[in-house]
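Notes for the one structure printed next.
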Amino acid sequence: MATHHTPLHHAAAEAVAAHAGIAATDLKVEAPPRAELGDLAVGCFAIAKARKQNPAEVAGAIAAAFQPTRLLASATAAGPFVNFRADRTATYRWLIDSALRGRLVPGELGTGKTICIDYGSPNISKHLAYHHVRGTTVGHALAQTFRALGYRVVGINFLGDWGTTHGMLLAAWARWGPVEPVDVSALNALYVRFRAAAAGDPALEQEGRAWFKRLEDGDPEARALWQRFRDVSWAEFQSVYEILGITYDEVRGEAAYEPDMPRILETLAGHGLLTESQGAQVVELPGEKTPILLRTRDGTTLYATRDVAAAEYRWANYHFTRSLYVVDRGQALHFRQLFKLLGRMGHEWAGRCEHVPYGLVKIDNQKSATRLGNVVLMRDVFTIAETMVREVIAENNPEMPPDQVAEVARQVGIGAIVFANLAPQRDKDIDFDIEHAVSLEGDSGPYLQYSHARCASIARKAGGRVTDLDGIDLGKLAHDAEWAIARRLLEFPESVVRSSESCEPHVICHYLLQLAAEFSRWYTLGNGDAALRVLCDDAATRRARLALVSAVQATLRDGLGMLGIAAPDQM
RNA sequence: GCGCCCAUAGUUCAACGGAUAGAACGACCGCCUUCUAAGCGGUAGGUCGCAGGUUCGAUUCCUGCUGGGCGCGCCA
């Protein structure tokens, strides 16, 4: 079952379906591997099999029977494939018009559907370390992508503001505090010191657990201190999210679910799911070697318990179509168990919950972790990236005012980092390398931004972007390099949809690299031949090319927006 | 020990079961009288970890193996 996201794909599928006695939606329409084969291809394997015929014969018959349509000019059989050639002028019109109106992607796909995305979700009182950038940028990219497709997105920051680690911090404060000023760095240092001391001292660990128990029991001193730590942390996190352009729709930490704990445990007991094991309350799950723990022998609740409450809250409030948890792969077991537990509790929506795992961000080939103290701060990496980029911007734009240089350096530096984290498949581990991450050459965020800036530059020189196609003769787009761009634009909707379905922002990253490359190839032709430039002498040709440039610019801007990357007009 | 994930060019990565496996970086050769060279073209570079299986067709799906990563009740 395939849905076709452009009228051309739809027309190609219909053309084959009409002669094959098969539904158009069952046919896959793809781009042929080489331009000389055609613009759209449909393989006849399934049809041939059903008819017990040779696929090549089927393709030949279908191609022979083809009647041109408004968008499709011709069809030829090549082996088992029917390859269609598009009517270029009609295709340009649809593509450019759609792109200019921001309607190239099917913006109605998610109408009436809600997607919850839990991402970022750091622990309070700890640094936002560089390795947090992966989940934060992936989650944000998914949120932006789903929004572009018309879904209602609830971006959730499920702050890690509860649990034993926070008891440890209180214990550390009681021992070594108070520290002034109270900021995340000071709290983080206190926590690291405590973990180091506790490593050889079980009594200290017990002290931490006791403090969490006090916190959970509502001890006023513990609560007041905890609240202060939380406020300080959130202010710090927000300043970093601002750099990334992220705003959350719901900031609701684990602590918010504290009042639900007794009810959750009662419900589980009521279902006869809860059993006792070594003093703890657990639930045995089918197919799992180890049970899921919901209550410690000290009587405190656990991550899993609060996750159950949060999942129920989200369902009750949002009735999501999908509820995504963008969390590192190391927690795969936890989520598998959590979702099984939700299912056993009778929640039919448990199947809508998905763990969206991502690989590690390693530093010098080592796993980075706050409790180990070997962290690089996200904020510091941003600053370094910005600084590295600023020189290049200033050098290449001598007339640009200093404020603007600083602003663009920020956009490009951050864009480089974000892209570097999004471009590989989620599953892959990333070894952090600032030189590579901030590289301005080759496949990178800045390459995309640069391509966009070139489009904007042309439009500036031409006196403005094209905003509608009235009076423009798109038949003037006669060069194959221009058509190559159109073919690529045709793939944008499918790429975005696939990216959303698989929760893989890298699909969009690679699509945009290809689009930018097609544009750059075309652009460079103008270096050798002034007649091939957008701003050529012939007014009609110039306007048609300008329209194409505007479509590319809009698509790059929209695509970068889905990735959470800024698209400056100059750089 | 058990479970999950990964393995493609020297390196970093693509390839929705289909047509001649593609980019980038690095190397080498070219293109600034350029609409921004942060760019473009070209050359060199691959037994798609190994062995089976399913299929008309497998880098893609299944099984086993090897190598690496991560995880496995009172952290999150």
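Every chain is numbered from 1, with letters handed out A, B, ... down the list of sequences.
With a glycosidic angle more than 90° from 0, B:rG26 adopts the anti conformation.
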Using a 3.5 Å cut-off and no angle test, enumerate the donor-acceptor pairs between side-chain atoms of residues 390-397 of chain A and protein atoms at least two apart in sequence or in another chain.
residue, atom, partner, partner atom, Å
A:N397, ND2, A:I393, O, 3.0
A:N397, ND2, A:M571, O, 3.1

N/O donor to acceptor pairs below 3.5 angstrom from side-chain atoms of residues 434-445 of chain A, sequence neighbours left out:
residue, atom, partner, partner atom, Å
A:S439, OG, A:E441, N, 3.2
A:S439, OG, A:E441, O, 3.3
A:S444, OG, A:G442, O, 3.3
A:S444, OG, A:Y447, N, 3.2

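Every pair passing side-chain hydrogen bond (donor to acceptor under 3.5 Å, both in side chains) that includes a residue from residues 32-43 of chain A is listed here, sequence neighbours excluded: A:R34-A:E36, A:D39-A:W483, A:D39-A:R487. Applying the ring-ring contact (aromatic ring centres under 6.0 Å, His included) rule to pairs touching residues 283-306 of chain A yields A:Y303-A:H334, sequence neighbours excluded. The side-chain hydrogen bond (donor to acceptor under 3.5 Å, both in side chains) pairs that include a residue from residues 414-428 of chain A are A:Y130-A:N421, where partners are two or more places apart or lie in different chains.
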Point to revise | Contact pattern, 5' to 3', of nucleotides 15-20 of chain B - B, S or - by protein heavy atom under 4.0 Å | key: SB-BBB

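Take A:Y358 and apply the ring pair (Phe, Tyr, Trp, His ring centres under 6.0 Å) test, not counting sequence neighbours, and it matches no residue. Legend: residues meeting salt bridge (Lys or Arg N to Asp or Glu O under 4.0 Å) with A:E207, ordered by chain and number and at least two apart, are A:R175.
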Please write out each protein N/O paired with an N/O of nucleotides 41-43 of chain B under 3.5 Å, distance rounded to 0.1 Å.
residue, atom, partner, partner atom, Å
B:rG41, OP1, A:R521, NH1, 2.7

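Remark: A:R533, A:V534, A:L535 in residues 530-541 of chain A come within less than 4.0 Å of RNA chain B through at least one heavy atom. Listed by residue number, the members of residues 410-417 of chain A with any heavy atom below 4.0 angstrom from RNA chain B form an empty set.
Contact between the side-chain N/O atoms of A:Y191 and the OP1/OP2 oxygens of B:rA76 is not found at any separation under 4.0 Å.
Base pairing in RNA chain B gives the following stems of 3 or more Watson-Crick or G-U pairs, range against range and under 3.5 Å: B:1-7 with B:66-72, B:10-13 with B:22-25, B:27-31 with B:39-43, B:49-53 with B:61-65.
Nearest to the side-chain atoms of A:R336 among the listed nucleotides B:rG3, B:rU36, B:rG39 stands B:rG3.
Only the C1' atoms considered, B:rG73 is 16 Å distant from B:rG3, to the nearest whole Å.
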